[in-house]
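Along the sequence shown, residues carry numbers from 1. Excluded from the calculations below are hydrogen atoms, water molecules and symmetry mates; all remaining heavy atoms, backbone and side chain alike, are included.
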Amino acid sequence: MRFKGFWYDSLLICVTAAFAAAFTALTAFVEPRLAVAEAIAFLTVFGIALCRAIFAKKRYKKFLLRTAKKLDFTDQKVLSNFPFPVAVCNEEGYITWCSSRFLNEISGGDVTPSDNISEFTNGIELDALISEEETSVFVNDRYYSVYTITYQSGGKKYCALYYLDNTRLKKTEIEYYNSRPYAVIIEMDNLDDSRTDFRDSERTEIKSQIEAALDNWSESYNSFVKRIGDDRYLIITEQKNISRMIQDKFSVLETVRSYEYKDKKVGVTLSVGVAGGENVRACEKNARKALEMALGRGGDQVAIKNKDGYDYIGGVSKSAEKRNKVRSRVVGSAIAELIKSSSNVIIMGHSYTDLDALGAAVGVACAVESFGVPVNIATDRKKTLASSLVEKMDREGMGSLIVDQDRAAELIGKKTLLIVVDTHIEGFVEFPKLYEKAETRVIIDHHRRAVADAESAVIFHHDPGASSSCEMVTELLQYINPDINITKFVAEALLAGIMLDTKDFVIGAGVRTFEAAAFLKDKNADTVSVKKLFANSMEVNKLRTRVISSARSFMGCAVSQVDFDSPDIRIIAAQAADELLNVSGIKASFVLFENGGAINISARSLGEVNVQVIMEKLGGGGHQTMAACQLRGFDMDKARAALEAAVKAYFEN
């Protein structure tokens with residue numbers, strides 16, 4: 001801060017000092033004693049004047065600041081005349097003063113010393129208001145931007161809050177947001193299969209009535225639907241209509257799912273992809289990706305694309321089985337070409353490989369060997385859940401196919417083909433470093449889709465309607481090489497994987513499942529030998545019974561906690577979860593166990609409860625009837641509480 005005009009005072013002091021010095025000198029010639037007295041008096045006055053001149057700027061600055069504070073913060077007349085609401089509160093947030101505009105527009109006409117400013121800022125505390133340059137609040141049906149200024153008065157801290165009304169701008173912003181374009185693409189999942197039981201005229205009537213239901217539903221949201229394919233429809237609408245659809249949980253799903261024709265349930269379901277974007281073209285492109293996610297998760301659900309990924313609604317029906325094998329033939333031919341052009345092939349499943357993953361790997365290895373291309377299966381013998389199949393491979397002389405991570409890394413070259421079975425999530429594969437190192441990848445999986453993109457794979461063969469990866473591989477073998485020689489051992493390995501994931505052809509087994517089993521049986525697969533692969537030791541059976549006996553019921557689900565440690569803990573938990581489904585009235589089962597520094601959960605159901613959705617809420621995934629998750633940083637009690645919260649949320653939604 002600079003001050004002007006102080007040089008006049010300095011000049012006056014200097015002139016006065018010179019005059020007094022001259023007068024004292026003249027007095028010394030006449031009366032020396034008087035001159036001494038004058039000199040003492042002169043020096044005293046001069047010293048005082050000099051000190052005041054030196055500190056005059058500081059005194060003046062303090063005076064200005066003190067005056068400014070009084071004018072800016074304590075002059076109630078000035079604050080009262082501000083054209084917007086103003087309030088002053090102490091450091092605890094209690095209001096000490098407010099303007100008449102604040103009383104009329106914000107507080108409703110009354111403010112007491114016990115009122116805290118948070119009551120008029122949507123619950124936001126004073127510290128949070130001060131930390132932000134601007135805070136948006138909604139009070140009395142109007143939008144305000146709150147600004148704060150802190151100051152001290154009388155040794156106490158105060159804060160002045162200014163409410164600027166921006167309701168008109170905020171409403172314009174909301175209207176702009178609500179009018180953003182959104183695309184909705186709808187596909188009838190299994191309309192072709194449902195048509196087989198009806199005449200042509202009836203099928204036409206069924207389709208027209210379903211389309212009429214879509215028209216009525218879209219019209220209720222001020223939108224229109226346009227057919228863009230035989231079984232595919234497009235809706236272009238606005239954000240505000242999408243919000244209403246989400247709130248209503250896309251009721252059209254249930255309308256179509258429960259549709260009956262002549263007292264006979266048709267069985268048609270819908271898959272829906274919803275997405276927004278900067279323009280209509282971007283909306284349509286994103287909606288197609290969302291529809292792929294809905295179809296990849298089994299259909300009969302809505303996939304809504306947002307900034308962080310996807311949200312899902314529905315998914316209560318079983319995945320629709322595709323009876324058409326054209327895709328398997330096309331994929332099989334493409335995989336055959338990749339195998340022939342590769343220097344070698346490495347096959348890998350998910351971590352803690354089970355009979356389905358290892359069985360599928362054995363089947364693919366058989367196809368690769370039929371072309372004379374070197375092949376290996378990358379897995380950890382110490383962490384596999386299919387140790388019985390590994391031991392049988394050793395007895396059959398095929399144990400040399402299995403390699404660990406280090407050996408597999410040495411075998412990977414530029415022309416190496418990596419085939420991943422029974423998972424499509426990079427973080428779930430047996431050896432993630434191998435996945436990163438391989439340049440050419442193929443994925444074969446039946447689990448419901450959990451990631452949006454699989455662009456890292458040259459071929460992504462995904463069928464959530466299949467019962468198991470072994471079923472998919474059995475189908476592919478007939479097209480990869482029609483002249484392939486499937487040995488008895490390979491057939492039994494594939495059949496074991498199918499039996500594992502279908503619980504002996506009880507869950508998720510469709511027409512193509514039995515066709516695959518019949519094909520393997522024709523290749524001399526022995527069901528007794530396969531059943532022996534599921535045999536456990538007496539100790540494992542005892543521990544499994546212990547887990548089952550400690551189960552408790554929660555909302556129609558069986559929940560059990562493992563209170564012991566065992567090298568076969570994963571097998572015990574999985575088998576216990578399966579066995580709990582045999583209890584009357586149990587819709588789903590969950591077994592919690594501690595392993596690897598985390599709480600693991602094995603989830604199973606008979607199809608009525610989608611355990612995949614429940615596990616996804618906890619960071620896991622899987623299939624509708626078989627899923628799992630891993631919770632790190634949880635103890636057993638917190639993990640169980642989180643599980644029960646997820647189950648409760650599932651049933652409430």
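Contact check for Met293 versus Tyr312: side-chain heavy atoms found under the 4.5 Å cut-off. Using a 4.5 Å heavy-atom cutoff, the side chains of His461 and Ser328 are in contact. Within the 4.5 Å cutoff, no side-chain heavy atoms of Leu253 are placed close to those of Thr269. Val403 has its side chain out of reach of Ile377: every pair of non-hydrogen atoms, C-beta onward, lies at least 4.5 Å apart. The side-chain heavy atoms of Val490 and Leu494, taken from C-beta on, include a pair separated by under 4.5 Å. Ile572 has its side chain within reach of Ser566: a pair of non-hydrogen atoms, C-beta onward, lies under 4.5 Å apart. Proximity of His350 to Glu430: side-chain heavy atoms (C-beta onward) are nowhere separated by under 4.5 Å. Inter-residue side-chain proximity for Asp380 and Phe431 is flagged as met; some heavy-atom pair is nearer than 4.5 Å.
One finds the CD1 atom of Ile346 at 14.5 Å from the OH atom of Tyr435 (value rounded to the nearest 0.5 Å). How far CE of Met472 is from CD of Glu475: 8.5 Å, rounded to the nearest 0.5 Å. The CD1 atom of Ile571 sits 8.0 Å away from the OG1 atom of Thr384 when rounded to the nearest 0.5 Å. Atom CG of Leu606 sits about 4.5 Å away from atom CG of Leu581, to the nearest 0.5 Å. In this structure, the separation between CD1 on Ile507 and OG on Ser467 is 11.5 Å, given to the nearest 0.5 Å. Atoms CD and CG, from Glu369 and Asn485 in turn, are 11.0 Å apart once rounded to the nearest 0.5 Å.
If you look at His424 and His462, their ring centroids are closer than 6.0 Å.
Applying the salt bridge (Lys or Arg N to Asp or Glu O under 4.0 Å) definition to pairs two or more places apart or across chains, none involves residues 355-365.
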**Study point:** Derivation of the side-chain contact (heavy atoms from CB on, under 4.5 Å) call for Val609 and Phe651
**Key:** CA-CA 9 Å; Val609 175; Phe651 283 111; 4.0 Å; yes

Exercise for review: Run the numbers on Asp300 and Arg257 for side-chain contact (heavy atoms from CB on, under 4.5 Å), then give the verdict.
Suggested key: CA-CA 8 Å; Asp300 187 30; Arg257 185 189 304 122; 3.0 Å; yes

Exercise for review: Please assess Asp635 against Ile599 for the test side-chain contact (heavy atoms from CB on, under 4.5 Å), listing each intermediate value before the final yes or no.
Suggested key: CA-CA 7 Å; Asp635 58 23; Ile599 302 298; 6.0 Å; no

Exercise for review: Please assess Thr513 against Glu471 for the test side chain to side chain donor-acceptor pair (under 3.5 Å), listing each intermediate value before the final yes or no.
Suggested key: CA-CA 6 Å; Thr513 308; Glu471 176 189 324; 2.7 Å; yes

Practice item. Dump the intermediate steps for side chain to side chain donor-acceptor pair (under 3.5 Å) on Asn536 and Gln575, then the final yes or no. Key: CA-CA 10 Å; Asn536 297 312; Gln575 292 182 354; 2.6 Å; yes

Check your understanding: Would Ile444 and Val420 count as a side-chain contact (heavy atoms from CB on, under 4.5 Å) if you check the C-alpha gap in whole Å, the side-chain angles of each, and the deciding distance to 0.1 Å?
Key -> CA-CA 6 Å; Ile444 303 171; Val420 177; over 6 Å; no

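Side chains of Ser560 and Ser550: a donor-acceptor N/O pair is present below 3.5 angstrom, by distance only. Side-chain contact annotation: Asp445 with Thr423, donor-acceptor N/O pair under 3.5 Å absent. Checked by atom type, the side-chain pair Gln630/Asn600 shows a donor-acceptor distance below 3.5 Å. One side chain, Thr379 or Thr353, offers a donor N or O that lies under 3.5 Å from an acceptor on the other. Using modelled atom types and a 3.5 Å distance limit, the side chains of Ser469 and Asp422 yield a donor-acceptor pair. With 3.5 Å as the limit, one finds a donor-acceptor pair spanning the side chains of Thr416 and Asn344.
Other residues, nucleotides and ligands place no more than 12 heavy atoms under 6.0 Å from the NZ atom of Lys532. Within a 6.0 Å sphere centred on CD of Glu410, other residues, nucleotides and ligands contribute more than 12 heavy atoms.
Ring-plane geometry between Phe505 and Phe514 is classed as parallel, the angle between the planes falling under 30 degrees on a 0 to 90 degree scale with a further cut at 60.
Annotation for Gly349 and Ala357: closest pair CA-CB, 4.5 Å, computed over non-hydrogen atoms. Here the closest heavy-atom approach between residue Val611 and residue Thr625 is recorded as CG2-C, 3.7 Å. Nearest heavy-atom pair, Ile412 versus Ala438, reported as atom, atom and distance to 0.1 Å: CG2-CA, 4.3 Å. The shortest non-hydrogen separation linking Leu631 to Ala639 is CD1-CB, 3.8 Å. Across every non-hydrogen atom of Val368 and Pro374, the tightest pair is CG1-O, 4.2 Å. In plain terms, the two heavy atoms of Phe371 and Ile480 that are nearest each other are CZ-O, 3.4 Å.
Between Asp311 and Lys305 there is no salt bridge, since no side-chain N of the basic residue sits under 4.0 Å from a carboxylate O of the acidic one. Using a cut-off of 4.0 Å between Lys/Arg side-chain N and Asp/Glu carboxylate O, Lys488 and Glu492 are scored as salt-bridged. Ion pairing between Arg381 and Asp394 holds under the 4.0 Å rule for side-chain N and carboxylate O. Between Glu644 and Lys648, no side-chain nitrogen of the basic residue sits less than 4.0 Å from a carboxylate oxygen of the acidic one, so the salt-bridge criterion is not met.
Panel note: side chain Ser605, backbone Ala588; no donor-acceptor pair is recorded below 3.5 Å. Of the possible donor and acceptor atoms, none in the side chain of Tyr310 sits under 3.5 Å from a partner among the backbone N and O of Ala294. Remark: side-chain polar atoms of Gln301 are paired, donor with acceptor, to backbone N or O of Gly299 under 3.5 angstrom. Within the 3.5 Å criterion, the main-chain N or O of Thr474 finds a donor-acceptor partner in the side chain of Gln478.
For Arg546 and Phe564, the positive end is not near the middle of the six-membered ring at less than 6.0 Å and at most 45° from its axis. Remark: Arg570 qualifies as a cation-pi partner of Tyr352 under the 6.0 Å distance and 45° angle criteria applied to the six-membered ring.
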